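Read through the structure below, which is laid out as structure tokens, and then see the notes.
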Amino acid sequence: MKRSFALTSLLLSAGLINTTAQSAENVCADQVTGFNEIGVFSLHGLSGSPQDIERIVALTADEQGASFYRIIQLEESSSADDWSVQAIFYA
């Protein structure tokens, strides 16, 4: 899975992926009642802005067949532009 995330990051930074075509939607905790949880996914060592990281999560959710995702943790490490994110994907 690490390779897929790295490829997605590379394609995003190169502008080769149109991020407006994503279909997975970000949802709040109170909106997930009745959704089927696909799993919890963690990504580490990502660079960019928080919005870039959210786009990567949305694209990854699409790749995994999720319709919805909820970011449960997003933190920047002490070194600049090094993000970790944890999200739950839902069908």
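For clarity, every value in this text was computed on a predicted model and none was experimentally measured.
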What heavy-atom pair brings [X] and [Y] nearest, and what distance separates the two atoms?
| X | Y | value |
| --- | --- | --- |
| Tyr69 | Glu54 | OH-OE2, 3.1 Å |
| Ile71 | Leu74 | CG2-CB, 4.2 Å |
| Ala66 | Ala24 | O-CB, 3.8 Å |
| Ile53 | Ser47 | CD1-O, 3.8 Å |

Contact check, side chains of Arg70 and Ile72, non-hydrogen atoms, under 4.5 Å: yes
Anything under 3.5 Å between a donor and an acceptor, one on a side chain of residues 30-40, the other on a protein residue two or more places apart or in another chain? List them.
unit_1	atom_1	unit_2	atom_2	d
Gln31	OE1	Cys28	N	2.7

Hey, any chance Val57 and Leu46 share a hydrophobic cluster, counting ILVMFWY side chains that come within less than 4.5 Å of each other, even indirectly? yes
Is Ile56 reachable from Trp83 through a run of I, L, V, M, F, W or Y residues, each pair having side-chain heavy atoms under 4.5 Å apart? yes
Rounded distance (nearest 0.5 Å) linking atom OG of Ser84 with atom CG of Leu43: 8.5 Å
Less than 6.0 Å separating the ring centroids of Phe41 and Phe89? yes
With sequence neighbours left out, write down each residue that passes side-chain contact (heavy atoms from CB on, under 4.5 Å) with Ser77, or none if nothing qualifies. Ser79, Asp82
Would you confirm whether Asp52, through its side chain, and Ser49, through its main-chain N or O, come within 3.5 Å as a donor-acceptor pair? yes
